[in-house]
Engineer: 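Mind having a look at this structure? Questions to follow.
Numbered from 1 within each chain, the chains take letters A, B, ... in sequence-line order.
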Amino acid sequence: MALVKVREVLEECCEGKRVSIRGWVYRKREGKEMIFLLVRDSTAFIQCTVRRSSPAWNVAERLTIESSLTLEGVAKQDKRAPGGYEISVDSISIIGLAEVFPIAKDKSEEFIRDIRHLWLRSRRMNLVMKVRADVLDFAREYFKAQDFIEVSPPMFISAAVEGGSTLFGLKYFDQDLYLTQSSQLYLEILIYSLENVYCIAPSFRAEKSRTIRHLTEYWHIEGEWPFADMNDLMRFEEGLMAHVCQSAADKCKKEFEELGADITKVAQVRAPFPRITYTEAIEKLKTKNPKLTWGDDLGYEDEKALADEFGKPFFVYDYPTAIKAFYCKTYRDKPEVAMSVDMMVPRIGEISTGGAREDDKDMLIKRIREMGLNEKDYDWYLDLRRYGTVPHVGFGMGLERLLTWMLDLENIIDAIPFPRTTRRFYP
RNA sequence: GCCGCCGUAGCUCAGCUAGGUAGAGCGGCUGGCUGUUAACCAGUCGGUCAAAGGUUCAAGUCCUUUCGGCGGCGCCA
């Protein structure tokens, strides 16, 4: 007798055959002559029936919701069963008898979040996590196909990437260190050896943002490579996005369907993306937001207005230097404009930021001073410009923001199994 | 950092406007019924009304403070 996954039974692997499955009780309906069990494993749910005459009856009676078990029986098609297939059970062995499970049909957001460790068993979270794993695979596929090498940067860092305000500090033995906000500076080191590099790693931000698109710990897909310009960067990013979206539309159909996500939107993502400059964006937004003038950062409402107009991913590039980080390269003939680009998607806004990095040592020192930073903190970073400097570009994309958009999730916390927000860090 | 909303049974909520005996559904338990589909029917168990203080003859309800949670803005991916 074969030990099979529930999905295999539903896909007609074993019509009329005796099978064994392992899993957990999802629902139980008890009658005088028949007990209906809805059993789940990692792949799917299936209805299992136990008749009073079955030797498994006494064991089935004791079963509680979420008990783990192994059962044996004959798999068969049955129109009355949800899913179209069921198992007529003749043997059950309980592995772990569950106490009364706290999750019932009525559940609030707050309660679900309090018992995250149990809610992760839900079909919904099961599906999202599968798509997440696939999206990571698709992203790696694309990087590899473009001859990028995956590297492993540190999470403990001694100096800030961006301003210091959003860093999480921590005690490192007797010293003060931080958790990284981005692996960018470390990828910049590695391009001098490996050229095209990428990493997929957590980033930490101590922003007290209370929105459906912020996490304090999120997974960052970052790439960095030399001998490239802004056009190369945008072409790479839209290529990555198109590959991930089309692969998902092709290979995650069932998950999208069960999650009620709009797969058409994802299937339609194709390069090239619309590109507008920051200056053009300001022009476009003039009527909707008259207060907005050149030099202001685009607010979420501004980004949303643009995103609604495009209805699909697009780029905004060439931002004012003054609102960008010290490492952004500026145009030599227009120092007030920085070579920076954001990818935006509807509803979420920014899902990626990238740009050309300043490769001239003296310009970089000037920018560090202008931003009120201490150049001593960036000595190793300046070394990169001292020894064989090279024009280079890079970007960082928020994995959970990408998933939130792709799967139409109501809140970014569902794009990661153990979300960390300003108020949540349990379990 | 600024603004708004929420907190009553294990869970979802009503009760608060206009102060007067703590309520319902779900879940649990007991029984009934049923190829059931978030089953159904009857009975039953279940309460620090987030906490503290105040007003009052009387506070779940009105006032103050605190705690916890959610969301919006700003900032960001």
Engineer: Should we count NZ of K107(A) as having more than 12 external heavy atoms under 6.0 Å?
Structural biologist: yes

Engineer: Assign E33(A) to base, sugar-phosphate, or nothing according to its heavy-atom contacts below 4.0 angstrom with the strands shown.
Structural biologist: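 No contact at all - E33(A) keeps every heavy atom at 4.0 Å or more from the nucleic acid.
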
Engineer: Taking pairing as Watson-Crick or G-U wobble with both contacts under 3.5 Å, can you name the mate of G19(B), or confirm there isn't one?
Structural biologist: none

Engineer: Tell me, do T49(A) and I35(A) make a side-chain contact under 4.5 Å, heavy atoms counted?
Structural biologist: no

Engineer: Quick one: side chain to side chain contact (heavy atoms under 4.5 Å, CB included) partners of D114(A), sequence neighbours excluded?
Structural biologist: E110(A), R424(A)

Engineer: Show each protein N/O and nucleotides 1-9 of chain B N/O combination with a separation under 3.5 Å, one pair to a line.
Structural biologist:
{"residue": "G1(B)", "atom": "OP1", "partner": "K208(A)", "partner atom": "NZ", "Å": "3.4"}
{"residue": "G1(B)", "atom": "O6", "partner": "K208(A)", "partner atom": "O", "Å": "3.4"}

Engineer: Salt bridge or not for R116(A) and D414(A), using N-O below 4.0 Å?
Structural biologist: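 Counted as a salt bridge, because a side-chain N and a carboxylate O are separated by less than 4.0 Å.
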
Engineer: With a non-hydrogen cut-off below 4.0 angstrom, is L215(A) in contact with a base, only sugar-phosphate, or nothing?
Structural biologist: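 Base contact - L215(A) has a heavy atom under 4.0 Å of at least one base atom.
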
Engineer: Just to confirm, is there a sub-4.0 Å distance from OP1 or OP2 of U12(B) to any side-chain nitrogen or oxygen of S108(A)?
Structural biologist: yes

Engineer: Base, sugar-phosphate, or nothing: which does Y218(A) touch, judged by heavy atoms less than 4.0 Å apart?
Structural biologist: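 Result for Y218(A) = base.
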
Engineer: Answer yes if the side chains of E188(A) and Y381(A) hold a donor-acceptor pair under 3.5 Å, and no otherwise.
Structural biologist: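 Y381(A) and E188(A) do have a side-chain donor-acceptor pair below 3.5 Å.
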
Engineer: Enumerate the protein-to-nucleotides 40-49 of chain B contacts in which both atoms are nitrogen or oxygen and the separation is below 3.5 Å.
Structural biologist:
none

Engineer: Picking from A77(B), C33(B), C76(B), which would you name as closest to the side chain of E303(A)?
Structural biologist: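 Out of A77(B), C33(B), C76(B), the nucleotide with an atom closest to E303(A)'s side chain is C76(B).
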
Engineer: In whole Å, I'd like the distance from the OH atom of Y319(A) to the C1' atom of A77(B).
Structural biologist: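 Those two atoms, OH and C1', are 12 Å apart.
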
Engineer: In Watson-Crick or G-U wobble terms, both distances under 3.5 Å, what is the partner of G10(B)?
Structural biologist: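 Its partner is C26(B).
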
Engineer: Kindly list each side-chain donor-acceptor pair under 3.5 angstrom involving residues 89-98 of chain A, sequence neighbours excluded, with atom names and distances?
Structural biologist:
{"residue": "D90(A)", "atom": "OD1", "partner": "R18(A)", "partner atom": "NH1", "Å": "3.0"}
{"residue": "D90(A)", "atom": "OD2", "partner": "R18(A)", "partner atom": "NH1", "Å": "2.8"}

Engineer: Across all strands shown, which nucleotide pairs with C70(B) by Watson-Crick or G-U wobble geometry, both distances under 3.5 Å?
Structural biologist: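 Here C70(B) is engaged in a pair, and the nucleotide opposite it is G4(B).
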
Engineer: Once you apply the 3.5 Å cut-off to both distances, tell me the Watson-Crick or G-U wobble partner of U64(B), or none.
Structural biologist: A52(B)

Engineer: Measuring to OP1 and OP2 of A77(B), would you say a side-chain N or O of S203(A) lies under 4.0 angstrom away?
Structural biologist: no

Engineer: With sugar-phosphate meaning primed atoms plus P, OP1 and OP2, does D78(A) contact a base, only sugar-phosphate, or nothing at under 4.0 Å between heavy atoms?
Structural biologist: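 Base contact.
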
Engineer: Taking any heavy-atom pair under 4.0 Å as a contact, classify G349(A): base, sugar-phosphate, or nothing.
Structural biologist: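 Answer is nothing: G349(A) stays at 4.0 Å or more from every strand.
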
Engineer: Where the side chain of P82(A) is defined as all heavy atoms beyond and including C-beta, which of U37(B), G35(B), G69(B) is the nearest nucleotide?
Structural biologist: U37(B)

Engineer: Can you list every pair that meets ring-ring contact (aromatic ring centres under 6.0 Å, His included) and has a residue in residues 37-94 of chain A, with sequence neighbours left out?
Structural biologist: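 Matches after skipping sequence neighbours: Y26(A)-F45(A).
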
Engineer: Tell me every residue that passes side chain to side chain contact (heavy atoms under 4.5 Å, CB included) with R369(A), counting only those two or more places apart in sequence or in another chain.
Structural biologist: I365(A), E375(A)

Engineer: Select base, sugar-phosphate, or nothing to describe what R113(A) touches, counting heavy atoms under 4.0 Å on all strands.
Structural biologist: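 Sugar-phosphate contact only - R113(A) comes under 4.0 Å of backbone atoms but never of a base.
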
Engineer: Heavy atoms under 4.0 Å, any strand shown: does E301(A) hit a base, just sugar-phosphate, or nothing?
Structural biologist: sugar-phosphate

Engineer: Given atom CD1 of I413(A) and atom C1' of G71(B), what is their separation to the nearest angstrom?
Structural biologist: 12 Å

Engineer: Looking for any heavy atom pair under 4.0 Å, which part of the strands does E410(A) touch: base, sugar-phosphate only, or nothing?
Structural biologist: nothing

